[in-house]
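One structure below.
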Amino acid sequence: GESVGLHLPTLSVQEGDNSIINCAYSNSASDYFIWYKQESGKGPQFIIDIRSNMDKRQGQRVTVLLNKTVKHLSLQIAATQPGDSAVYFCAERAGAGGTSYGKLTFGQGTILTVHP
Amino acid sequence: KAGVTQTPRYLIKTRGQQVTLSCSPISGHRSVSWYQQTPGQGLQFLFEYFSETQRNKGNFPGRFSGRQFSNSRSEMNVSTLELGDSALYLCASSRLLTDTQYFGPGTRLTVL
């Protein structure tokens with residue numbers, strides 16, 4: 001299909017907690033996955049990416065996990081802060097050789113709210 | 001290094017008019033992609049340009065078009081505007097087609 005996920009779920013956490021945002025993708029031919037954060041009135045901001053030859057990748061306070069068997073992607077944010085409140089999008093890109101090479105297909109997003 | 005810039009940031013048009021939006025990529029980036037973002041449909045891919053050639057196109061009517069110039073700057077045009085074209089139009093640039101895409105702030109288009 002053309003979209004990853006159909007709804008806009010919400011996640012509410014307390015400051016200092018760890019957050020986990022999940023994403024199910026649709027195309028088994030996708031070889032690149034990326035997480036973006038979008039704050040109100042701004043464009044999506046790159047957080048972290050992962051290629052299909054990896055299962056896990058860590059950044060600063062963030063970890064992305066990829067499970068290709070069940071086509072599932074997750075973003076873990078450690079010690080969540082109020083500044084992390086935003087909409088988080090996962091996106092996938094089909095691999096080389098396909099007609100969609102280079103094109104990102106986005107999920108509908110998850111609203112993360114962090115309470116002080 | 002300066003980020004992706006988009007102009008104008010806000011635009012109000014009436015049905016039937018046409019509009020041109022501009023995007024300047026990050027210096028050194030040769031690929032520019034355009035997306036439409038609406039509350040109902042989320043982020044949807046419009047088209048992608050690399051070295052002045054359209055490499056990929058999304059499922060949008062022919063009223064939506066774009067181009068890329070030799071300096072990698074890109075424009076998109078929407079003709080015969082409809083109410084449903086009201087959206088945030090986002091531009092993203094990357095060094096190559098397969099690299100990480102970095103987004104600009106978007107142009108908020110309102111069609112009355």
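Naming convention: chains lettered A, B, ... in sequence-line order (proteins, then strands); numbering from 1 in each chain.
Looking at B:L88, the atoms closer than 4.5 Å to chain A (heavy atoms on both sides) all sit in the side chain, from C-beta outward. Only the side chain of B:R9 comes within less than 4.5 Å of a heavy atom in chain A; its backbone stays farther off. There is no contact between B:Q6 and chain A, counting heavy-atom distances below 4.5 Å. For B:L90, the part lying near chain A is the side chain, with the backbone staying farther off; criterion is any non-hydrogen pair under 4.5 Å.
Among residues 33-66 of chain A, the residues having any heavy atom closer than 4.5 Å to a heavy atom of chain B are, in sequence order, A:I34, A:Y36, A:Q38, A:G41, A:K42, A:G43, A:P44, A:F46, A:D49, A:R51. The contact list for residues 70-81 of chain A toward chain B, using heavy atoms and a distance under 4.5 Å, is empty.
In this structure, B:R95 places its CZ atom where only 12 or fewer heavy-atom neighbours from other residues, nucleotides or ligands lie under 6.0 Å away.
One hydrophobic cluster, built from ILVMFWY side chains closer than 4.5 Å, holds both B:L11 and B:M76. B:F45 and A:L104 fall within the same hydrophobic cluster, defined by Ile, Leu, Val, Met, Phe, Trp and Tyr side-chain heavy atoms under 4.5 Å apart, directly or through other members. Residues B:Y102 and B:L21 do not share a hydrophobic cluster, clusters being chains of Ile/Leu/Val/Met/Phe/Trp/Tyr side chains in contact below 4.5 Å. B:V32 and B:V78 fall within a single hydrophobic cluster, where Ile, Leu, Val, Met, Phe, Trp and Tyr side chains are chained together by heavy-atom contacts under 4.5 Å. A continuous path of hydrophobic side-chain contacts links A:F89 to B:F103 [ILVMFWY only; heavy atoms under 4.5 Å].
Contact count against chain A (heavy-atom pairs under 4.5 Å) is highest for B:L43 among B:L43, B:D99, B:L96.
Between B:Y35 and A:F106, a ring centre-to-centre spacing shorter than 6.0 Å is recorded.
Taking NZ of A:K103 as the reference point, atom CD of B:Q101 lies at 12.0 Å (rounded to 0.5 Å).
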